[in-house]
Engineer: 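Structure incoming, see below.
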Amino acid sequence: MSHTGRNDLPLPPSAYVSGDVPTATARRISIKNIIIALLLSVLFFFFFCFISLHGYIAWVLSNPKVAPLYSNPKLSINLDYQNITFPAADGSRMMQGWYIPAEHSDRTIVFSHGYGANREEYWIPMYDLANFAHRLNFNVLMFDYGFAAQNSKEVATGGKKEAQQLLGAIQVAKQLGSQEIIVWGFSMGAGTALQAGLKNPDIDGMILDSTFLLEPDTMYHNIRQHIDLPRHPSLEIIGMLLPVLNGTSLRQIPYSQVKSEDYPFPILFIHGTEDEKAPYPIAEKLAENQTNPTSGVWIVDGAHHELIFREHPKEYLRKVSLFLGQIKLASQKTNIQTGSVSE
């Protein structure tokens, strides 16, 4: 006869129920963890996309797409020219350009092209203005900034490196015998000219068309033309990424000094009211700072960024010709007062 001990008795129903409680709880915890992990993954994905978008914007700002050179002054406007190579003022790189000499002239116009363009800048069109300057008996110097170089291309820096490259062009114009140097700049090339003008006493005047100065306000204004991003933290993120991509912080661009500077030489500001890249009040404010009696500003109603010459060619050339004539007249008066012989 067998005996069944206490430990051999069947378990009561309650024992099965109590044993299932930890398993159900574990399942609930596991589902909760999965949901949290999914939410965190989604948040991380959107954060990554947000940062990547700003990285792409910073990369595009640093690496503009520039077309190759398609022509030259002889083919386009039947003017003889010289290929020239010269160093940037700080010796950081060699620059390439064209020098179009005028007969018996010691006056030179140095063209400073804009962002995303090279020395030809066909939409202006630059060749037509070079021909106009040559007819006024100016030597003409056209060159490519580093970001537009045909060889050994480098990143765009909003004027930090480009100002040194423009100063190098001014130096070579002086070495070629120029006694009067006018910088004719467009868009970011105009903003670069203003940066170079803070450091150079050899500039006798500037013509600045559609001036674009890389600063937080104008940078955000241009970003908003393409995508609706919040001002903050977008500016801060791009500001952190730019030094990584092109070695230049916005703090290294002297935009505050440029915006408050009274330059010793005359400047003619030309700007359109429909400029979608550089709002025209920027040019008005820059012009207000100038006390040189020859300086002036021409705000063109309805005109667009860098298209003012195309849209108003006769008035454009008349304004520029008058301005250059005033500079020459002021120079002649100075020479008479100092007893110098003027050509």
Engineer: Under 30°, 30 to 60°, or over 60°: which ring-plane class applies to His113 and Phe147, parallel, tilted or perpendicular?
Structural biologist: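 Taking Phe147 first and then His113, their aromatic rings stand perpendicular (interplane angle over 60°).
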Engineer: Do Leu208 and Leu307 belong to the same hydrophobic cluster, where Ile, Leu, Val, Met, Phe, Trp and Tyr are linked whenever their side-chain heavy atoms lie under 4.5 Å apart, directly or via other members?
Structural biologist: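 No, Leu208 does not connect to Leu307 through the hydrophobic network.
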Engineer: Quick one: CG on Asn137 to NE2 on His134, what's the gap to the nearest 0.5 Å?
Structural biologist: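 Asn137 atom CG to His134 atom NE2 measures 7.5 Å (nearest 0.5 Å).
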Engineer: Is any side-chain N of the basic residue among Lys285 and Glu288 closer than 4.0 Å to the acidic one's carboxylate O?
Structural biologist: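 Salt bridge: no.
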Engineer: With no hydrogens and no angle check, do the side chains of Tyr145 and Ser112 hold a donor and an acceptor under 3.5 Å apart?
Structural biologist: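 Ser112 and Tyr145 do have a side-chain donor-acceptor pair below 3.5 Å.
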Engineer: For Lys153, look at atom NZ and say whether over 12 heavy atoms of other residues, nucleotides or ligands are found less than 6.0 Å away.
Structural biologist: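 Buried by this count: over 12 neighbours within 6.0 Å.
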Engineer: Rounded at 0.5 Å granularity, tell me how far OG1 in Thr218 sits from CG in Asn222.
Structural biologist: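 Rounded to the nearest 0.5 Å, the OG1-CG separation comes to 6.5 Å.
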Engineer: Do Gln96 and Gln150 make a side-chain contact, defined as non-hydrogen atoms from C-beta onward lying under 4.5 Å apart?
Structural biologist: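 No, every pair of side-chain atoms sits at 4.5 Å or beyond.
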Engineer: Taking distance alone, no hydrogens or angles, what donor-acceptor pairs closer than 3.5 Å link side-chain atoms of residues 48-59 to residues at least two apart or in another chain?
Structural biologist:
residue : atom : partner : partner atom : Å
Ser52   : OG   : Phe48   : O            : 2.7
His54   : ND1  : Phe50   : O            : 2.6
His54   : NE2  : Ser234  : OG           : 2.8

Engineer: Looking only at heavy atoms, what is the nearest atom pair of Ile308 and Gly272, with distance?
Structural biologist: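 Here Ile308 and Gly272 meet closest at CD1-N, 3.6 Å.
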Engineer: Measure the CD-CD1 distance between Glu215 and Ile282 for me, rounded to the nearest 0.5 Å.
Structural biologist: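 Going from the CD atom of Glu215 to the CD1 atom of Ile282 covers 5.5 Å.
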Engineer: At their closest point, which heavy atom of Ser210 faces which heavy atom of His304, and how far apart are they?
Structural biologist: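 Closest approach of Ser210 to His304: OG-O, 4.4 Å.
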Engineer: More than 12 non-hydrogen atoms from neighbouring residues, nucleotides or ligands closer than 6.0 Å to CG on Asp301, yes or no?
Structural biologist: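 Atom CG in Asp301 is not crowded, with 12 or fewer foreign heavy atoms closer than 6.0 Å.
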Engineer: Evaluate the ring planes of Phe186 and Phe111, with Trp represented by its six-membered ring, and classify them as parallel (under 30°), tilted (30 to 60°) or perpendicular (over 60°).
Structural biologist: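 Parallel.
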Engineer: What's the separation between atom OG1 in Thr108 and atom OH in Tyr99, rounded to the nearest 0.5 Å?
Structural biologist: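 OH of Tyr99 is found 4.5 Å from OG1 of Thr108.
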Engineer: Does Asp262 have more than 12 heavy atoms from other residues, nucleotides or ligands lying within 6.0 Å of its CG?
Structural biologist: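 More than 12 heavy atoms, drawn from other residues, nucleotides or ligands, come within 6.0 Å of this atom.
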Engineer: When rounded to the nearest 0.5 angstrom, what distance separates CG in Leu69 from CZ in Arg119?
Structural biologist: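 So the gap between those two atoms works out to 4.5 Å.
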Engineer: Look at the side-chain heavy atoms of Ile, Leu, Val, Met, Phe, Trp and Tyr, link any pair under 4.5 Å apart, and say whether Leu213 and Ile223 land in one connected group.
Structural biologist: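 Linked, Leu213 and Ile223 end up in one cluster.
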Engineer: Kindly compute the distance separating CG (Leu324) from CD1 (Ile207), expressed to the nearest 0.5 Å.
Structural biologist: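 It is 4.5 Å, given to the nearest 0.5 Å.
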Engineer: Over 60° means perpendicular and under 30° means parallel, so tell me whether Phe86 and Phe143 are parallel, tilted or perpendicular.
Structural biologist: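 Answer is perpendicular, since the angle exceeds 60°.
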